[in-house]
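Report on the structure given below.
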Amino acid sequence: MPCQPLMGVRFGPKSRAAIVEIRTKQQLSRTLQVLVPVGTVATIFLGSSALEASFNVYSTDFEMMARAVNAVPAIERAVVLRVARFAAFDTVGVESLFWRQFVQAVNEGCVVVAD
């Protein structure tokens, strides 16, 4: 099923709060994907002598760090789905229908694009 924009809904306060929460979680996700590698490099090299830096490079588990960074999009998706499911239960009528369709679309692989 191709992803289609879900439009034509007037959001109440609960839905607007859910949208703000989803956007916040997306921004935090992007920040996390940048900060984990930057923090690792900083830990290895900043304030270290050459000997300490070589030991830090040797002892750093880059594979685990890569797996952690690669897991962030799946975690973000799960958080977005959780917020959307709560919004579907917390709203009525067209808004609730929107959130149920939103959950279904994300479950089928569509991505959330923030303006």
Side-chain angles (χ1 to χ4, degrees):
M1 171 181 165
C3 299
Q4 306 220 353
L6 301 173
M7 299 171 15
V9 178
R10 288 207 146 154
F11 295 114
K14 292 178 181 179
S15 288
R16 284 195 295 270
I19 291 168
V20 167
E21 185 175 355
I22 287 172
R23 287 183 178 162
T24 301
K25 302 301 184 193
Q26 287 179 310
Q27 184 60 42
L28 289 172
S29 171
R30 282 185 231 110
T31 303
L32 182 63
Q33 285 183 303
V34 171
L35 288 182
V36 168
V38 168
T40 301
V41 170
T43 299
I44 291 172
F45 294 108
L46 293 181
S48 301
S49 67
L51 183 59
E52 290 171 327
S54 356
F55 177 75
N56 289 340
V57 168
Y58 171 76
S59 63
T60 300
D61 189 350
F62 289 102
E63 184 180 334
M64 182 63 75
M65 181 191 70
R67 279 192 275 167
V69 170
N70 288 334
V72 171
I75 295 167
E76 175 189 343
R77 186 172 168 272
V79 170
V80 166
L81 283 170
R82 181 183 55 81
V83 171
R85 284 186 183 116
F86 281 128
F89 289 124
D90 209 20
T91 56
V92 295
V94 176
E95 282 184 80
S96 182
L97 177 63
F98 165 84
W99 287 112
R100 288 193 308 260
Q101 289 175 337
F102 179 86
V103 167
Q104 181 181 2
V106 172
N107 273 331
E108 291 176 2
C110 296
V111 294
V112 179
V113 179
D115 296 359

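All residue numbers refer to positions in the sequence shown, counting from 1.
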TODO: Tell me, yes or no, whether the heavy-atom count around Y58 atom OH, taken from other residues, nucleotides or ligands under 6.0 Å, exceeds 12.
DONE: no

Open item on the list: Checking S96 now: which residues fulfil side chain to side chain donor-acceptor pair (under 3.5 Å) with it, not counting sequence neighbours?
Closed with: R100

- [ ] Apply side-chain contact (heavy atoms from CB on, under 4.5 Å) to the pair N56 and F45, showing each step before the final yes or no.
- [x] CA-CA 8 Å; N56 289 340; F45 294 108; over 6 Å; no

- [ ] Tell me, please, which residues at least two apart from V72 pass side chain to side chain contact (heavy atoms under 4.5 Å, CB included).
- [x] S29, L32, Q33

Open item on the list: Is there a continuous path of hydrophobic side-chain contacts, each under 4.5 Å between heavy atoms, that joins L28 to V80?
Closed with: no

TODO: Output all residues satisfying side chain to side chain donor-acceptor pair (under 3.5 Å) with Q101, sequence neighbours left out; order by chain, then residue number.
DONE: none

- [ ] For V57 and F62, work out which heavy atoms get closest and say how close.
- [x] O-CE1, 3.7 Å

Task: Non-hydrogen atoms of V83 and A18 that approach each other most closely - done: CG1-O, 3.7 Å

TODO: Please list all pairs passing the salt bridge (charged side-chain N to carboxylate O under 4.0 Å, His left out) test where one or both residues lie in residues 47-60, with sequence neighbours left out.
DONE: none

- [ ] Name all residues meeting the side chain to side chain contact (heavy atoms under 4.5 Å, CB included) criterion together with F11; count only those two or more places apart in sequence or in a different chain, and write none if there are none.
- [x] V9, S15, R16, I19, E95, F98

Task: Hphob cluster co-occupancy, V92 + F86, side-chain heavy atoms under 4.5 angstrom - done: no

- [ ] Keeping the roles fixed (side chain from N70, backbone from A66), state whether a donor-acceptor pair exists under 3.5 Å.
- [x] yes

Open item on the list: Please say yes or no: joined through hydrophobic side-chain contacts below 4.5 Å, possibly via intermediate residues, are V36 and V41 part of one cluster?
Closed with: yes

- [ ] Can you run down the salt bridge (charged side-chain N to carboxylate O under 4.0 Å, His left out) pairs that involve residues 60-78, sequence neighbours left out, and say none if there aren't any?
- [x] E63-R67

- [ ] Tell me, with the steps shown, if Q27 and R23 meet side-chain contact (heavy atoms from CB on, under 4.5 Å).
- [x] CA-CA 6 Å; Q27 184 60 42; R23 287 183 178 162; over 6 Å; no

